[in-house]
2 protein chains.
Amino acid sequence: MATISDVARAAGVSASTVSYVLSGRRPISAETRARVQAAIAELRYHPHAGARALASSRTSVLALVVPLRADVNVPVIMQFVTAVVTAARTHNHDVLLLTMDEGTAGLERVAGSTMVDALILMDVERQDVRLPALRRLKQPSVLIGVPDDPDGIACIDLDFAATARECLRHLAGHGHRRVALVGPTPAVYQRGTSYADRFLGGFIEAAAEFGVRAVARSCEPGGDGVRACLAGIDAELPDVTALVVHNEEALLPLLDELRIRGRRVPTDVSVVAVCPRDVAVAQPVRLTSADIPAHEVGTLAVEMAMGLLAGRAAPTTRLLAPTLVERDSCAAPR
Amino acid sequence: MATISDVARAAGVSASTVSYVLSGRRPISAETRARVQAAIAELRYHPHAGARALASSRTSVLALVVPLRADVNVPVIMQFVTAVVTAARTHNHDVLLLTMDEGTAGLERVAGSTMVDALILMDVERQDVRLPALRRLKQPSVLIGVPDDPDGIACIDLDFAATARECLRHLAGHGHRRVALVGPTPAVYQRGTSYADRFLGGFIEAAAEFGVRAVARSCEPGGDGVRACLAGIDAELPDVTALVVHNEEALLPLLDELRIRGRRVPTDVSVVAVCPRDVAVAQPVRLTSADIPAHEVGTLAVEMAMGLLAGRAAPTTRLLAPTLVERDSCAAPR
DNA sequence: TTGAAAGCGCTACCAA
DNA sequence: TTGGTAGCGCTTTCAA
C-alpha cells in the first residue's frame with residue numbers, strides 16, 4: 001500500500017504538503033494541489049485510518065448502538081440505521097455497529113479505545129443505566145429518545161406527547177368522545193421506554209384537555225394479543241368510537257380483527273396510527289397517521305453529533321413537531 | 001486517557017511487558033501478570049485502537065456490507081446482521097456497517113485505508129460487479145451467497161438448489177403432481193440474485209426428477225401482486241395442488257387470498273414456505289417450511305473470515321444442507 | 001522471563 | 001506557499 005511519503009515523492013513535495021492537500025487546513029497553490037492529487041490517484045493512495053487516528057485523535061467513525069431485543073419493530077429500527085449510516089457518510093464518517101448486549105461495557109470499550117468520535121444510542125429508557133457511563137466518556141453522545149434527566153447529553157426524538165395530543169385533537173375534531181389507545185407491548189412500558197411513556201402521558205393529558213374519555217392499554221403481538229387488548233378496553237370503557245394505535249405490530253391483526261367483528265373502518269370505528277408513513281399506506285385501509293420520522297431523526301442525530309464534535313453545539317434536547325396525515329381511516333362517530 | 005506507559009510505570013515493568021500480557025504472545029510470570037492486570041484495572045486502561053492498528057496492521061474490525069434496497073426483506077437482513085455482530089464479538093472483533101450505496105468505492109475505501117481486517121458481503125449477485133475489486137483487496141472477504149465464479153473468494157449460504165429439491169421431494173411424497181413456485185419479486189431475478197436463481201434452478205430440476213409438473217412465477221408484494229401471481233400460475237398450469245413459497249412478504253397476503261377464495265390449507269392446497277423458522281410459525285397456519293438459517297450463516301461467515309485471517313482456511317464455498325420442518329400446511333391432494 | 005528501542009503512517013507545530 | 005520533524009501509542013525484534 002502506498003503511504004503519504006510515496007505520494008509526496010511522486011508529486012515532488014513534502015509529506016506535510018500532501019497532508020494539507022488532503023485536509024485543506026492550509027492554502028496550497030493550485031499547481032501543487034493538482035500534482036499531489038494526480039499522485040494520489042496514480043498510486044491509489046488511501047490514508048491509513050489508524051495512523052490518522054493516532055496522530056489526530058479523530059477516527060471519522062461513529063458508534064451506533066441498536067436494540068436487538070425481541071420486542072422491537074425491526075423495520076423501524078432499520079429505517080433509523082439506514083438514515084444514520086447515510087447521513088454519517090455525507091459527513092465523511094463511517095458507522096460502527098454495536099448491539100446493546102454488551103451494555104455499558106461496550107460503550108466504554110469502543111470509547112476508551114478511541115475507536116469512535118461520538119456515539120448515537122437508540123431505545124433509550126427513562127432511567128437509562130448507560131447515562132452515567134456516557135457522561136464519563138470523552139466522546140459526546142446523542143440519544144434517540146429522551147431520558148428523565150438528559151442533562152449534559154444531546155437528545156433527539158419525535159415529540160411523542162405532542163403527537164398524542166395531535167391524534168386526540170384530530171379525533172375530537174371529528175366528534176369522538178370515547179377513545180382508546182392501543183399501546184406498545186407491556187415489556188416496552190415495563191422497562192420504562194422513553195417514547196412509550198411520553199406518548200401515554202400526552203394522551204392522558206390531551207384527553208382531559210379535549211373533554212374526551214380515554215383508556216390506554218398495552219398490547220401483546222399477534223391476534224391473541226389484539227383480542228385481549230380490545231377486551232380490556234371494552235371492560236374499562238365500552239363503546240369507544242376511535243382507536244389510536246401506537247404499535248406497528250398490532251396494526252394488521254387489529255384491522256383483521258375489526259373486519260372479522262364486522263366493524264368497518266372508518267364507518268364504525270376510526271383509527272389513527274402512529275407509525276412510519278410507508279406502513280400506514282401499506283395497510284388494507286390507508287390509515288390516517290402521525291408519522292414516525294425515522295429518517296429525519298436519524299439524520300438529525302448525526303448532525304447533532306457533528307455539531308458537538310465541531311464545538312458548534314451544546315448538548316440539548318430537540319423534539320420534532322408531529323405531522324398528522326389524513327387518509328381513509330377517520331370519520332365522525334355514528 | 002491512560003497509555004501503555006502509564007500502565008507499565010504503575011506496574012513497575014516495561015511497556016513491552018504490558019503489551020505481552022495483553023496479547024499473550026510470550027510467557028509472563030504469574031506475579032508480573034497479576035501486577036500488570038491490577039494496573040490495567042486501576043487505570044481503566046484501554047489500548048488505543050489506532051495505535052494498535054498502526055503497529056500491528058490489525059484492526060479487529062470486520063466490514064459488513066448490507067443491502068438496503070426496497071425489495072429486500074428487512075427482518076431477515078437483520079437476523080444476518082445480528083448474527084454477524086454477535087459472532088464478531090465472540091472473536092473480539094467489531095463491525096463496521098456499510099450500505100451498498102457506495103458500491104465498489106466503499107469497499108476500496110475501508111479496505112484501502114485499513115479500517116477493517118476482512119469484509120462480509122450480503123445480497124450477492126451471480127455476476128457481482130464487486131468481485132474484481134474484492135479480489136484486488138489485501139483483506140479477505142466472505143460472501144453470503146454464491147456468485148457464478150467464486151474463484152478466490154470464500155462463500156457461505158444455504159444450499160438453495162438442494163432446498164428446492166427437498167420441498168418438492170416432500171410434496172411429491174405426499175402425492176402432489178402439480179406444483180407451483182411463488183418466487184421472489186421480479187427485481188430480485190432481474191438483477192441475478194444468486195439465491196433466487198439457485199432455488200429456481202433446483203426447483204425445475206427436482207420437478208423433472210420427481211415427475212412433478214411445475215410452474216414458477218415471481219411475485220410482487222401485496223395482495224395485488226399475489227393475485228397476479230396466482231392468475232399467472234393458473235393460466236400456465238391449472239389446478240395446482242401445492243405451492244412452494246420463496247417470498248416472505250407474499251406469505252401473509254397469499255394465505256389471506258387463499259382463505260378468501262375458500263381454499264383451505266392444507267385440505268385444498270398444500271403450502272411449503274422457505275423462510276426463517278419464526279416467520280413460518282407466526283402465520284395463521286403453522287407452515288411446513290424449509291428453514292433459512294440466518295443465524296447459522298451469519299455466524300459461519302464470521303468464522304470463515306477468522307479462518308482466512310488466521311491462515312487456517314482457504315477461500316472455499318460452503319453450502320448448508322436444508323432442513324425441512326413439517327408443520328400444519330401439507331397434506332395429500334384430494 | 002524481561003527490557004530497550006525502532007518503527008508503523010500520519011498530523012500539526014515550528015520555521016522559512 | 002511550502003518543508004522539516006516531533007510525536008501520537010502501540011507491537012515486535014533484538015538483546016540480555
Side-chain angles (χ1 to χ4, degrees), chain A residues 1-37 39-40 43-61 92 109-117 138 309, chain B residues 1-37 39-40 43-61 92 109-117 138 309:
Chain A
M1 295 264 74
T3 72
I4 201 171
S5 319
D6 298 330
V7 174
R9 199 174 314 118
V13 299
S14 72
S16 55
T17 296
V18 176
S19 177
Y20 285 116
V21 166
L22 251 16
S23 69
R25 287 178 179 284
R26 83 178 181 189
I28 302 281
S29 72
E31 187 201 5
T32 302
R33 190 202 324 287
R35 279 216 316 284
V36 169
Q37 275 162 347
I40 286 174
L43 299 176
R44 302 172 145 278
Y45 167 69
H46 291 274
H48 188 290
R52 196 168 238 192
L54 182 56
S56 68
S57 310
R58 282 299 197 108
T59 63
S60 293
V61 177
N92 278 305
R109 186 172 54 77
V110 298
S113 60
T114 325
M115 298 181 77
V116 301
D117 292 339
K138 64 170 196 278
L309 286 173
Chain B
M1 293 266 74
T3 72
I4 200 170
S5 319
D6 298 330
V7 174
R9 199 172 316 118
V13 298
S14 72
S16 56
T17 296
V18 176
S19 177
Y20 284 116
V21 166
L22 251 16
S23 69
R25 286 178 178 285
R26 83 178 180 191
I28 303 280
S29 73
E31 187 202 4
T32 302
R33 190 203 323 286
R35 279 216 315 286
V36 169
Q37 275 162 346
I40 287 174
L43 299 175
R44 304 172 146 274
Y45 168 70
H46 291 274
H48 188 291
R52 196 168 237 192
L54 181 56
S56 68
S57 308
R58 281 299 196 104
T59 64
S60 294
V61 176
N92 277 305
R109 185 172 55 78
V110 298
S113 59
T114 325
M115 298 181 76
V116 301
D117 292 339
K138 66 170 194 281
L309 286 173

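The figures that follow rest on heavy atoms only: side chains count, while hydrogens, waters and symmetry mates do not. Chain letters run A, B, ... following the sequence lines, proteins first and then strands; every chain starts at 1.
R52(B) is listed as a side-chain neighbour of L22(B), based on a closest heavy-atom distance under 4.5 Å. The side-chain heavy atoms of D6(A) and T3(A), taken from C-beta on, include a pair separated by under 4.5 Å.
At the heavy-atom level, R25(B) lies under 4.0 Å from the strands shown only through sugar-phosphate atoms. When heavy atoms are screened at a 4.0 angstrom cut-off, S23(B) is found touching no nucleic acid atom at all. Residue S57(A) is classed as having no contact, given no heavy-atom separation below 4.0 Å to the nucleic acid. S16(B) comes within contact range of at least one nucleobase, with a heavy-atom separation under 4.0 Å. If you check every strand for non-hydrogen atoms under 4.0 Å, S56(A) touches sugar and phosphate atoms only.
A residue-by-residue look at T3(A) and T32(B) shows that T32(B) has its nearest nucleotide of DNA chain C further toward the 5' end. Taking the nucleotide of DNA chain D with the nearest heavy atom to each of A15(A) and A30(A), the more 5' of the two is matched to A30(A). Comparing L54(B) and Y20(B), the nucleotide of DNA chain D nearest to each residue sits closer to the 5' end for L54(B).
In this structure, S57(A) OG and K138(A) NZ are separated by 7.5 Å, a value rounded to the nearest 0.5 Å.
Taking atom CD1 on I4(A) and atom P on dG7(D), their separation rounds to 19 Å, with Å as the unit. Between the P atom of dT1(D) and the CZ atom of R35(A) lies a distance of 14 Å, rounded to the nearest Å. Put simply, CG on L43(B) is 14 Å from P on dG9(D), counting in whole angstrom units. Between L22(A) atom CG and dT2(D) atom P there is a gap of 15 Å when expressed in whole angstrom units. Rounded to a whole Å, the CZ atom of R58(A) is 19 Å from the P atom of dC8(D). Going from atom NE2 of H48(B) over to atom P of dG7(D) covers 17 Å, rounded to whole Å.
Dashed line: the shortest gap from a side-chain N or O of S29(A) to OP1 or OP2 of dT2(D) is under 4.0 Å. Distances shorter than 4.0 Å separate some side-chain N or O of Y45(B) from OP1 or OP2 on dC10(D).
Nucleotides of DNA chain C with any atom under 4.0 Å from a heavy atom of chain B span, from 5' to 3', dT1(C) to dG9(C).
T114(B) contributes no side-chain N or O that, together with a main-chain N or O of A49(A), makes up a donor-acceptor pair within less than 3.5 Å.
If you check the side chains of S16(A) and S19(A), you find no donor sitting under 3.5 Å from an acceptor.
Few gaps surround CZ on R26(B); more than 12 heavy atoms of other groups in view lie less than 6.0 Å from it.
Residues V36(B) and V7(B) come closest through the heavy atom pair O-CG1, 4.2 Å.
Checked against dC10(D), dT12(D), dT2(D), the side chain of P47(B) finds its nearest nucleotide in dC10(D).
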